[in-house]
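Chain A is the first sequence line, chain B the second, and so forth, proteins listed ahead of strands; every chain is numbered from 1.
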2 protein chains.
Amino acid sequence: MSRTLDEVAKSAGVSRSTVSRVINDHPSVSDETRAKVQAAIEQCGYRPNAVARSLATNRTNILGMVVPESVTKLFTDPYFPLMLRGATEACNRRGYHLILSLFTASVESSIMHDRIARSGYLDGLIAANASLDDKLIPGLFAEGIPFVNIGRHPDDRVNYVDVDNRGGARMATEHLVRLGHKRIAMIGGPADMTPAQDRLDGYLEVMSTHRLPASKGLIAEGDFTEAGGRAAMLELLAENPTAVFAASDSMAVGAVKAIRAQGLRIPDDVAIVGFDDIPSARTVDPELTTIRQPIERIGQLAVEMLINVIDGKAAEGNMAATQRFVLPTELIVRGSCGSS
Amino acid sequence: MSRTLDEVAKSAGVSRSTVSRVINDHPSVSDETRAKVQAAIEQCGYRPNAVARSLATNRTNILGMVVPESVTKLFTDPYFPLMLRGATEACNRRGYHLILSLFTASVESSIMHDRIARSGYLDGLIAANASLDDKLIPGLFAEGIPFVNIGRHPDDRVNYVDVDNRGGARMATEHLVRLGHKRIAMIGGPADMTPAQDRLDGYLEVMSTHRLPASKGLIAEGDFTEAGGRAAMLELLAENPTAVFAASDSMAVGAVKAIRAQGLRIPDDVAIVGFDDIPSARTVDPELTTIRQPIERIGQLAVEMLINVIDGKAAEGNMAATQRFVLPTELIVRGSCGSS
DNA sequence: TCCCTCCATGGAAGCGCTCTCAAGCCTATC
DNA sequence: GATAGGCTTGAGAGCGCTTCCATGGAGGGA
């Protein structure tokens with residue numbers, strides 16, 4: 001089963017070094033020897049031991065994806081699976097493995113940090129939507145671990161991939177304005193998460209451009225969950241908005257329920273736009289007009305960038321220039337706002 | 001940053017062996033020495049190198065979760081995230097890491113098999129709902145890798161954790177019978193997946209007990225997705241069922257749409273029961289009566305069992321007795337069947 | 001024909017840790 | 001006071017691989 005280099009070497013009649021060279025595609029091996037060794041490898045059913053290799057090379061080809069506690073509860077949202085799928089797909093293509101770490105309440109987060117950051121198993125890691133006050137990112141800097149954040153981060157040493165949240169929010173709000181709405185409310189996300197901030201900013205920008213009211217009462221904070229959206233909408237309804245922009249589809253779904261619960265119709269009484277374009281945007285009735293973001297692509301890009309960072313670091317002995325990527329969003333018009 | 005045992009040893013004025021003993025909580029170290037070493041460890045900021053340790057112990061404390069190609073497309077279903085969350089949580093508690101491998105179309109599956117099974121990084125793995133004709137399980141036996149399957153498997157060497165799919169299906173169907181339905185249709189899952197088989201069996205059992213028709217026309221095969229459920233329901237509608245049991249909530253959601261599209265009302269014209277109790281079971285209108293399964297628990301249990309298997313193997317030098325676990329399901333009554 | 005260079009290969013020293021074995025010391029027992 | 005046994009500790013041999021360095025042989029230029 002688990003044969004070693006030596007055995008293959010013996011069987012091929014060459015030295016261990018030579019077998020190693022063949023395995024690593026080192027150029028200076030004669031074709032003849034190479035063939036002989038290949039045959040021996042084949043015949044022994046040999047596979048290099050990844051752990052030993054890692055010890056020698058100081059590279060594991062394992063990346064970590066850390067989902068901080070602040071967003072763990074969102075894990076059941078279709079957002080994460082999709083992002084994760086993109087990431088694993090990119091890992092597959094690039095010959096990496098992905099270790100998933102969810103911070104859950106059951107484990108002291110300092111322990112998790114330790115285990116993750118210092119286990120020595122990871123070549124680098126992806127911080128999935130760490131919020132601004134997560135201690136994760138400072139910790140990673142302190143440890144000197146290559147990482148990429150998903151979502152922008154003000155620290156300008158941070159590599160990140162983000163989507164154009166602000167632009168998306170602008171499109172959403174503009175769409176409602178274009179439909180003639182004046183009292184447009186917004187259900188935002190947690191203030192410490194940058195996507196929430198950016199989406200709010202986009203909304204405010206458009207409202208102000210059109211000199212529309214965006215008073216305190218028209219803005220409610222949700223937590224990106226359906227229940228949160230529902231609760232927020234209930235508050236907002238007191239202000240009689242004719243339209244709402246929800247910073248996530250999950251919250252929009254909750255809002256739809258709240259609106260219905262008040263006996264109001266969508267889109268006739270209240271129009272609504274979401275954000276994300278998760279599958280359930282088309283499950284609700286009416287289907288949700290929303291802002292689509294390329295979720296899988298985010299995961300993919302994060303992996304690609306991280307590998308670049310790691311390679312760069314290996315090559316130069318220190319971090320290369322900060323890398324950043326902002327992906328575009330897209331307005332998807334469906335039934336929840338009435339005809340466009 | 002990355003200090004070694006030797007440095008700590010030097011700093012504490014003891015040998016490398018002693019430091020190693022302290023780290024591994026070996027009993028035969030005097031309290032005095034232990035304290036001295038602890039202090040040195042603290043002071044150096046030393047953390048053992050996991051890779052080196054793994055090489056020496058032949059244990060990585062990494063588990064793999066493999067999602068075969070046959071079910072990868074279901075990954076966006078809330079089922080997987082929940083199961084995954086359960087699994088990672090158990091891993092955290094037990095001090096393990098979890099590598100996630102999704103088979104995606106972009107990578108040759110034989111390569112994936114190789115990478116997964118023989119990388120040497122994994123102490124064992126969890127096969128997530130491998131269908132009967134996946135080559136994954138035979139491959140794992142061939143390699144002698146400890147593993148646990150999620151979902152029953154006919155090979156009686158296979159360790160698995162499953163839910164009582166058949167019992168759940170029985171409850172669902174019984175519920176409809178109790179409500180007076182006679183023409184009860186079923187939307188099944190792919191025939192090669194055991195949960196689909198078991199749910200179908202449960203349905204057939206109840207139908208036959210009550211001498212109700214369960215003709216070919218009343219049974220349609222979906223693929224566990226919403227789109228599949230919708231298509232299946234469209235077929236079934238030709239048979240004028242008054243009730244439907246869908247083998248998954250996603251399919252039930254699709255069925256709801258198909259029913260609505262025909263201008264029929266739920267539950268008045270057609271009652272519907274789902275399976276899983278995923279969050280969107282409560283997003284649709286009316287909320288879905290369904291069979292709840294303890295999804296997170298499945299992931300947790302799979303991890304616990306796997307660790308047992310691994311430990312057992314290490315202790316005895318060969319596989320311990322086959323381990324199996326079947327978790328109960330529960331009927332959740334909501335609006336989609338009318339009043340109970 | 002001789003010397004230098006280049007290429008293919010082997011030898012051996014690690015990578016950082018664990019763990020067996022042996023040695024040293026101390027206490028208890030007779 | 002001598003011996004046996006227990007408790008601590010250190011030395012060193014790996015775990016399986018990579019990689020630097022040295023070696024030997026072949027080929028080319030003078």
Asks: What closest approach, in Å, do A:Tyr79 and A:Ile295 show between heavy atoms, and which atom pair accounts for it?
Replies: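 Closest heavy-atom pair between A:Tyr79 and A:Ile295: O-CG2, 3.4 Å.
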
Asks: Check the distance between C:dC15's C1' and B:Arg3's CZ and give it to me in whole angstrom.
Replies: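 Taking atom C1' of C:dC15 as the reference, CZ of B:Arg3 is at 16 Å.
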
Asks: What verdict does the side chain to side chain donor-acceptor pair (under 3.5 Å) test give for B:Arg3 and B:Asn49, after you've listed the backbone C-alpha separation in whole Å, the side-chain angles of each residue and the deciding distance to 0.1 Å?
Replies: CA-CA 9 Å; B:Arg3 331 224 114 265; B:Asn49 175 314; over 6 Å; no

Asks: Quick one: do the A:Ser20 and A:Ser17 side chains pair a donor with an acceptor below 3.5 Å?
Replies: no

Asks: Need one value for A:Val51: base, sugar-phosphate or nothing, where a base atom within 4.0 Å counts as base even if backbone is also close, heavy atoms only.
Replies: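 Answer is nothing: A:Val51 stays at 4.0 Å or more from every strand.
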
Asks: Rounded to whole Å, please give me the gap between CG in A:Asn58 and C1' in C:dG14.
Replies: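 Between C1' of C:dG14 and CG of A:Asn58: 13 Å.
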
Asks: Produce a footprint string for nucleotides 18-23 of chain C: one letter per nucleotide, 5' end first; B if the base is under 4.0 Å from any protein heavy atom, S if only the sugar-phosphate is, - if neither.
Replies: BBB---

Asks: Under 4.0 Å between a side-chain N or O of B:Thr18 and OP1 or OP2 of D:dG10?
Replies: yes

Asks: May I have the distance from A:Asn49 (atom CG) to D:dG16 (atom C1'), rounded to whole angstrom?
Replies: 6 Å

Asks: Can you measure B:Asp6 atom CG to D:dA11 atom P for me and round it to whole angstrom units?
Replies: 11 Å

Asks: If the threshold is 4.0 Å, N to carboxylate O, is there a salt bridge linking B:Glu304 and B:Arg93?
Replies: yes

Asks: Can you list the steps and then say if A:Ser11 with A:Tyr46 is a side chain to side chain donor-acceptor pair (under 3.5 Å)?
Replies: CA-CA 11 Å; A:Ser11 143; A:Tyr46 170 77; over 6 Å; no

Asks: Can a salt bridge be assigned to the pair A:Asp311 and A:Arg59 using a cut-off of 4.0 Å between side-chain N and carboxylate O?
Replies: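 Yes, this pair counts.
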
Asks: Can you measure B:Arg34 atom CZ to D:dC7 atom P for me and round it to whole angstrom units?
Replies: 14 Å

Asks: To the nearest angstrom, how far is A:Asp25 atom CG from C:dA8 atom P?
Replies: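 Interatomic distance, CG of A:Asp25 to P of C:dA8: 14 Å.
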
Asks: Please give, in whole Å, the distance from D:dC7 P to B:Glu32 CD?
Replies: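 It works out to 18 Å between those atoms.
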
Asks: To the nearest angstrom, how far is A:Asp31 atom CG from C:dA8 atom C1'?
Replies: 12 Å

Asks: Determine, stepwise, if the pair A:Leu327 / A:Val161 fulfils side chain to side chain contact (heavy atoms under 4.5 Å, CB included).
Replies: CA-CA 8 Å; A:Leu327 297 166; A:Val161 42; 4.2 Å; yes

Asks: So what does B:Thr33 touch, heavy atoms closer than 4.0 Å: a base, only the sugar-phosphate, or nothing?
Replies: sugar-phosphate

Asks: So, is B:Thr4 near the phosphate of C:dG16, with a side-chain N or O under 4.0 Å from OP1 or OP2?
Replies: no

